There are 2 protein chains.
Amino acid sequence: MKWTDLDENWCPIARTLSVVGDRWTMLILRDCFQGLSRFDQFVQSTGATRHVVAGRLKRLVEADILDKRPQATGLKRCEYVLTDKGKELEPALRVLFDWGKKHLPIRRPTKT
Amino acid sequence: MKWTDLDENWCPIARTLSVVGDRWTMLILRDCFQGLSRFDQFVQSTGATRHVVAGRLKRLVEADILDKRPQATGLKRCEYVLTDKGKELEPALRVLFDWGKKHLPIRRPTKT
DNA sequence: TGAGCAAAGTTCCAAATCGAAACTATAGGT
DNA sequence: ACCTATAGTTTCGATTTGGAACTTTGCTCA
């Protein structure tokens, strides 16, 4: 089964995951919540390739989670901003944040 | 960048996603919260292939999110149960559930 | 006894996706 | 006219996936 097939799944969790159930997508959303909005920012911040970022952004826009706004003046330059629907995903990211902070503490190199 | 590299990321969200940031993993956890505990149940319920389920379960056990308990009598039969650490991911699934229910209503075939 | 069955993987191969890096297209600046 | 910035697209080899068959071990029941 391919994961896009999950979009008609009986389970709301599966349907949600058919849109955002992927680490790069989630990281892009994290960036959006932190105020980033441009293509190259996402590429830099997430560490995903341009290829993948392009695909994820396209899907997020199609799903009406992000809104793509061309800058008035130029054609290329644009902004990706969260829609209201997208903003409602924030609690999910907060849970992931808290869980990671508690259960996956970063291992700093112990000073020798 | 490969996604296992996220496990030492400065961001707790990224670290969390390095373990559970994948749709099949999340669906397996959903099943666990609903009381499923056996390999074939996960395969059936999620729709992922045995191949993928095997890999995901292995990682969840390594991450101490699931505990693998061989059944006393047999060697093959076993149970996967959530650890306390794993149980703390429930709020994340609840958010995904609520969001999907609200924003991705299932499209029933309209009766003609 | 021994044939069949269940459970939990593993293996195989072809197809899809990814990572890395180079390339393209358009606007603006100098 | 040339250079830079931005937002992609393309290419190609490597990795991961999907799908199905196969393996292994113990259990059941005739």
Side-chain angles (χ1 to χ4, degrees), chain A residues 1-9 14 17-29 31-32 35-62 65-81, chain B residues 1-9 14 17-29 31-32 35-62 65-81:
Chain A
M1 185 198 273
K2 17 188 40 170
W3 69 278
T4 43
D5 295 347
L6 289 175
D7 69 349
E8 293 288 349
N9 197 283
L17 292 173
S18 81
V19 187
V20 299
D22 156 89
R23 57 199 152 278
W24 301 127
T25 302
M26 290 282 203
L27 289 179
I28 288 171
L29 289 177
D31 287 350
C32 289
L36 303 194
S37 64
R38 295 210 332 280
F39 187 89
D40 281 335
Q41 290 179 319
F42 297 134
V43 172
Q44 271 219 337
S45 170
T46 62
T49 62
R50 316 176 70 69
H51 189 62
V52 167
V53 170
R56 298 302 192 275
L57 285 173
K58 191 155 152 252
R59 282 203 295 107
L60 286 169
V61 169
E62 276 165 9
I65 287 170
L66 294 183
D67 190 19
K68 179 177 179 176
R69 305 205 186 135
Q71 218 79 338
T73 52
L75 286 170
K76 277 279 176 178
R77 185 169 209 150
C78 67
E79 268 189 329
Y80 289 93
V81 299
Chain B
M1 185 198 272
K2 15 188 43 171
W3 69 278
T4 43
D5 295 346
L6 289 174
D7 69 349
E8 293 288 349
N9 197 284
L17 292 173
S18 81
V19 187
V20 300
D22 155 271
R23 56 197 151 279
W24 302 128
T25 303
M26 289 281 203
L27 289 179
I28 288 171
L29 289 178
D31 286 350
C32 289
L36 302 194
S37 65
R38 297 210 330 280
F39 187 89
D40 282 335
Q41 290 180 318
F42 298 134
V43 172
Q44 271 220 336
S45 170
T46 62
T49 60
R50 316 177 69 70
H51 190 62
V52 167
V53 170
R56 298 302 192 275
L57 284 174
K58 189 155 153 255
R59 282 202 297 107
L60 286 169
V61 169
E62 276 165 9
I65 287 170
L66 294 185
D67 190 19
K68 179 177 180 175
R69 304 206 186 135
Q71 217 80 339
T73 52
L75 284 172
K76 277 277 176 180
R77 185 167 211 152
C78 66
E79 268 189 329
Y80 290 93
V81 299

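Letters A, B, ... are given to chains in the order of the sequence lines, protein chains preceding strands, and every chain is numbered from 1. The structure displayed is predicted, hence computed values, not measured ones. What's counted below: heavy atoms across the whole structure, side chains too, no hydrogens, waters or symmetry copies.
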Nearest whole Å is fine: how far is [N] [atom2] from [X] [atom1]?
| X | N | atom1 | atom2 | value |
| --- | --- | --- | --- | --- |
| B:D22 | D:dT15 | CG | C1' | 15 Å |
| A:Q44 | D:dT6 | CD | P | 10 Å |
| A:K58 | D:dA7 | NZ | C1' | 14 Å |

* To do: May I ask you to verify if any side-chain N or O of B:W24 is less than 4.0 angstrom from the OP1 or OP2 atom of D:dG18?
  =>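 Checking B:W24 against D:dG18: at least one side-chain N or O falls below 4.0 Å of OP1 or OP2.
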
* Output yes when at least one side-chain N/O atom of A:R23 is less than 4.0 Å from OP1 or OP2 of C:dC18, else no. =>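 Checking A:R23 against C:dC18: no side-chain N or O falls below 4.0 Å of OP1 or OP2.
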
Just jot down the side chain to side chain contact (heavy atoms under 4.5 Å, CB included) partners of [X], sequence neighbours excluded, or say none.
| X | result |
| --- | --- |
| A:Q44 | none |
| B:V52 | B:W24, B:A48, B:T49, B:R56 |
| A:K58 | A:E62 |
| A:D40 | A:R50 |

* With distance as the sole test, does A:R59 use its side chain to make a donor-acceptor pair with the main-chain N or O of A:V19 at under 3.5 Å? ->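 Confirmed, A:R59 side chain pairs with A:V19 backbone.
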
* Those residues that, when tested against A:S37, pass side chain to side chain donor-acceptor pair (under 3.5 Å) (two or more places apart) ->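 For A:S37, no residue satisfies side chain to side chain donor-acceptor pair (under 3.5 Å) once neighbours in sequence are set aside.
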
* Could I get the full list of side chain to side chain donor-acceptor pair (under 3.5 Å) partners for B:N9, not counting sequence neighbours? =>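 None.
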
* Go through the structure and list residues passing salt bridge (charged side-chain N to carboxylate O under 4.0 Å, His left out) with A:R38, not counting sequence neighbours. =>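 None.
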
Any N/O pairs under 3.5 Å between the protein and nucleotides 6-11 of chain C? List them or say none.
| from | atom 1 | to | atom 2 | distance (Å) |
| --- | --- | --- | --- | --- |
| C:dA7 | OP1 | B:R38 | NH2 | 3.3 |
| C:dA8 | OP1 | B:C78 | N | 3.0 |
| C:dA8 | OP1 | B:C78 | O | 2.9 |
| C:dA8 | OP2 | B:F39 | N | 3.4 |
| C:dA8 | N7 | B:R50 | NH2 | 3.0 |
| C:dA8 | N3 | B:K76 | NZ | 3.2 |
| C:dG9 | OP1 | B:K68 | NZ | 2.8 |
| C:dG9 | OP2 | B:Y80 | OH | 2.4 |
| C:dG9 | N7 | B:R50 | NE | 3.0 |
| C:dG9 | N7 | B:R50 | NH2 | 3.0 |
| C:dG9 | O6 | B:R50 | NE | 3.1 |

* Five pairs at each end of the helix from C:dT1-D:dA30 to C:dT30-D:dA1: take the axis at both ends and give me the angle between them to 10°. =>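 What I find for the helix from C:dT1-D:dA30 to C:dT30-D:dA1 is an axis angle of 10°.
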
